[in-house]
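Below you'll find the structure, written out as structure tokens, and then a few comments.
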Amino acid sequence: MKVRVDWRASVALVGTVVKWLSVPMVFPLALAVYYGRGLGIFVASMVLTFAIGWLLERADTDPDIGTREGFLMVALTWLAVSVVGALPYLVEGHGIPFVLPAAAPGSTLANPVNALFETMSGFTTTGATVMGDISFDTHSRALMMWRQETQWLGGMGIVVLAIAILPKLSVGGAQLMDAEAPGPGIEKLTPRIAETARALWGLYIGLTALEILLLYGAHLAGYADGMTPYNAVAHGFTTMPTGGFSPEARSIEAFSALAQWIIVPFMVAAGANFALFWHLWNRDFQTVREDAELKAYVGAIAVLSAIVAGVLYTSPDLAVYGAIEPAVRHAAFQVTSIVTTTGYASLDFNAWGQAGKFVLLFAMFIGGSAGSTGGSIKVVRWLVILKSLRRELFTTVHPDAVKPVRLAGRVVDERALRGIYVFTLLYLVLFALGTLVVTLVGVPDQSLTAFEATSAVASTIGNVGPGFGIVGPMNNYLPFPDPVKLLMVFFMWVGRLEILPVLVLLTPTYWQD
Amino acid sequence: MRILVVGAGEVGSSIAGSLADSHEIVVLDIDGSRVESLTFEHDVLAIEGDGTSLDDLLAAEVESADVVIASTDDDETNLATCGTAKTVSDAFTIARVEQPSYLRTWRRSRGVFGVDFMVCTDLLTAQAVVRVIGLPTARDVDPFANGTVQMAEFTVEVDSPLAGQTVADADTFDALTFAAVVRDDDVILPRGNTVIEPSDKIVVIGRPDRVEVFAGAVAPNAETAVEDVVIVGGGSAAFQVSRLLEERGLSPKLVEQQGERARWLAENLPGTTVFEHDATDRDFLEREHVGDADFVVSMLDSDEKNLLVALLAKRVGATRAVAVVDNPQYVTLFETVGVDVAVNPREVTAEDITRFTRERRAENVAIIEPEKAEVLEVEIEEGSVLAGRPIREAVADLPPGFVVGAITRNGDFVTPRGDTVVEPGDHVVALVTSEAHDEVAASL
């Protein structure tokens with residue numbers, strides 16, 4: 001068999017990205033210096049990361065990538081950064097022989113599968129954790145911040161970031177971005193793709209900074225206990241990428257009502273199409289007002305929040321029973337958190353009744369908007385599917401009618417429509433197969449209900465984070481056996497890249513002719 | 001006047017033919033055989049050549065032409081012809097285009113491409129069709145003076161209350177003038193004692209709302225509220241009809257047989273339901289309830305098919321059928337066998353083009369009966385026979401065959417009476433017979 005894919009070029013570019021991954025490690029390194037703990041871990045990780053990247057880069061000194069190499073490069077990049085990004089956890093758990101003693105030998109992340117799970121969960125902004133002890137007693141503040149930062153790097157897209165700063169990726173960059181960006185198709189905001197990538201990252205950085213300032217401002221004003229600069233940055237790193245990790249074991253429950261209310265609009269923004277912020281920035285309000293996906297997205301959040309608020313308000317066995325503000329706040333927070341696939345918890349929603357939990361499970365399949373940092377199926381796809389179903393009903397009555405599917409007046413191409421059907425079907429099939437496997441394998445020494453297994457798989461493939469029961473918001477994914485965790489790593493990976501760029505690599509045609 | 005017509009296709013040769021009596025016509029066409037046949041058909045000078053070539057235009061003596069009409073079937077050729085002619089000549093250039101997009105560009109910046117006037121055949125045809133739909137009982141409707149004045153032609157059916165009345169009895173409408181009665185292709189200027197007979201056609205000129213009231217008086221039993229319109233054929237003119245109807249808030253149905261074109265139409269007409277089917281299939285017509293339509297407009301590319309579709313539509317129950325007819329000779333025939341209104345694209349195009357070939361340029365022209373009578377709009381200048389005196393006196397100085405239908409002053413409608421004094425700057429909309437035309441045109 002002759003391989004027709006120039007895999008060396010792809011590997012070399014992955015190497016470049018990995019090499020550059022040592023740069024963001026400077027931030028936890030600085031924290032390690034400041035707090036006086038964990039310095040060796042990050043020095044060692046940076047050196048290793050740079051070395052691995054440099055070695056991979058040797059695969060091809062003058063990489064030139066086409067369409068196929070692009071798919072390979074994007075898919076491999078996400079796998080590679082998740083492996084290399086796990087280095088700090090591994091170094092922390094094992095140390096380096098003769099050089100560095102293990103800082104936390106009892107850490108659950110010393111298990112390479114767990115470390116990979118945690119990093120993949122971070123980069124794909126899932127927020128599902130296998131960290132057994134979320135506290136600064138076991139882990140240094142520097143390491144906890146690295147865990148937060150992986151989400152932030154993955155949110156707007158590692159490849160998008162690479163296109164923004166690496167000139168050699170600008171040719172073919174549009175195709176790379178298309179393979180990575182959430183949602184069907186990308187919107188070029190400027191004539192040059194590198195400019196577009198920079199604009200997106202600029203908006204992303206700006207919104208993150210704004211949230212950090214607001215959270216810390218609330219703290220200074222005395223309304224957000226515990227929202228120290230460290231926590232403000234840590235949660236800024238989680239909200240905009242719709243991640244879900246928190247250095248607090250009780251997630252956002254640990255913070256005041258005001259802090260929770262500040263986070264809600266930022267989650268909504270993170271799940272909206274970033275191209276819209278670009279239009280707002282350029283004072284093009286009409287495009288934003290007429291965006292069909294934005295309306296449906298905000299509408300879905302509002303309707304589901306109202307339902308959950310009603311359920312919470314009338315549930316006698318809950319603490320928020322009969323209290324309007326907390327019921328509305330927790331409903332809005334939790335629905336937004338799940339729809340945008342953030343995965344924060346403002347309280348343990350495991351305690352909710354079946355109705356509330358089921359609304360959240362349903363919300364896991366909606367997802368954010370195209371071009372957002374959110375995961376799952378995406379609002380625009382559902383919108384198009386619903387409209388094309390209506391078209392089918394119409395053409396059943398009028399068999400000769402020619403009726404294009406329109407979104408806000410613009411015609412949706414039939415090929416794009418097919419792509420949306422294929423994606424959604426693949427997503428649901430993978431979800432169903434995954435649930436089957438997870439349910440069959442089960443959890444050692446514990447019972448796993450089908451509902452819990454369903455939520456775990458929906459949560460990982462949709463990059464949401466928490467599920468229900470044993471994988472509830474205050475629990476973790478540790479009970480699953482390692483093979484199941486690896487399956488979930490695969491789900492997070494294909495979920496983030498929207499399945500096709502990964503699945504296409506598994507077909508013989510891709511490699512041959 | 002010396003007129004150079006470039007392109008002797010259907011439109012070009014019909015323009016050349018209709019102008020040949022009163023003007024010097026030179027025709028330039030790239031096709032030698034067409035040039036030859038034109039030389040024998042009409043009294044024109046036909047030359048073989050390319051309108052976009054400066055040498056060929058010079059050979060046709062473009063520098064001495066007063067008007068250049070570019071009327072080939074290719075839009076870009078027509079634009080290039082006008083632009084080329086402008087480099088050596090001061091002639092008034094008229095370009096015929098099919099694409100309304102060129103017309104939009106030209107309207108933004110008049111004179112662009114070296115075109116002094118642009119005529120969009122398909123858009124004109126579409127507008128004519130839409131006007132008929134807007135006034136369902138009329139067989140022709142033309143706006144004048146930016147829509148302040150409307151001319152309409154109605155057929156008097158046997159059951160019409162007007163049949164048998166004299167004009168004096170029937171003329172009870174303010175702001176409305178009976179301009180002519182057309183009987184057996186003859187134009188009669190109505191007197192008070194003229195009796196209106198069944199199957200006469202009445203031409204009225206007046207304020208649009210009055211014309212609508214009159215439409216109700218001519219045919220009180222006719223269905224006038226139009227909701228359901230079916231357009232058959234998906235050409236450019238049909239597309240324009242749908243678009244114009246959508247602008248009026250209607251949701252027309254359009255039937256196009258060819259799949260790709262149907263898809264294009266559906267994509268570009270969000271308010272229209274497009275069907276991909278053969279409109280001569282009776283099962284299809286029944287399945288989609290074409291019989292319930294208020295209007296069926298057949299705009300296919302062949303006259304025969306249009307007749308078939310229009311008659312089929314009437315047969316399954318459609319209230320009114322409009323057919324677009326390319327061959328002007330078929331217009332009367334079609335209307336005789338049951339098509340309610342036959343619209344002739346060449347006639348509407350010619351109306352728009354010929355008004356530039358008058359010594360004194362009319363603002364607007366509508367042809368009532370070719371070679372018999374037309375309605376024209378003229379801006380009155382100082383020195384005109386009408387200026388500064390009551391209409392009764394002025395008309396006495398003019399030959400018979402001239403009827404003032406309406407006057408607009410500063411955009412307002414003025415009902416003309418015998419003692420109305422016309423002022424310079426007024427727009428006069430009048431019916432003129434062919435015999436009186438030259439003399440009237442000269443003294444206005």
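Each chain gets a letter, A, B and so on, in the order its sequence line appears, and its residues count up from 1. Being a predicted model, the structure only gives us computed values, none of them experimental.
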In plain terms, say whether B:Glu267 and A:Arg406 are close enough for a salt bridge, that is, a side-chain N and a carboxylate O under 4.0 Å apart. no
Please determine if B:Arg96 and B:Glu98 form a salt bridge, counting it only when a charged side-chain N lies under 4.0 Å from a carboxylate O.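 Salt bridge between B:Arg96 and B:Glu98, a charged N being under 4.0 Å from a carboxylate O: yes.
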B:Glu276 versus chain A, the contacting section by heavy-atom distance below 4.5 Å: both
Taking the side chain as C-beta and beyond, is there a heavy-atom pair between B:Pro100 and B:Gln240 under 4.5 Å?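 A side-chain contact exists here, since the closest heavy-atom pair is under 4.5 Å.
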With a 4.5 angstrom heavy-atom cut-off, could you sort out which part of A:Val412 is near chain B: side chain, backbone, both or neither? backbone
For A:Val402, is it the side chain, the backbone, both, or neither that has a heavy atom closer than 4.5 Å to a heavy atom of chain B?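 Both the backbone and the side chain of A:Val402 come within 4.5 Å of chain B.
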Using the benzene-type ring in the case of Trp, are the ring centres of A:Phe431 and A:Phe365 under 6.0 Å apart?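 Ring centroids of A:Phe431 and A:Phe365 are less than 6.0 Å from each other.
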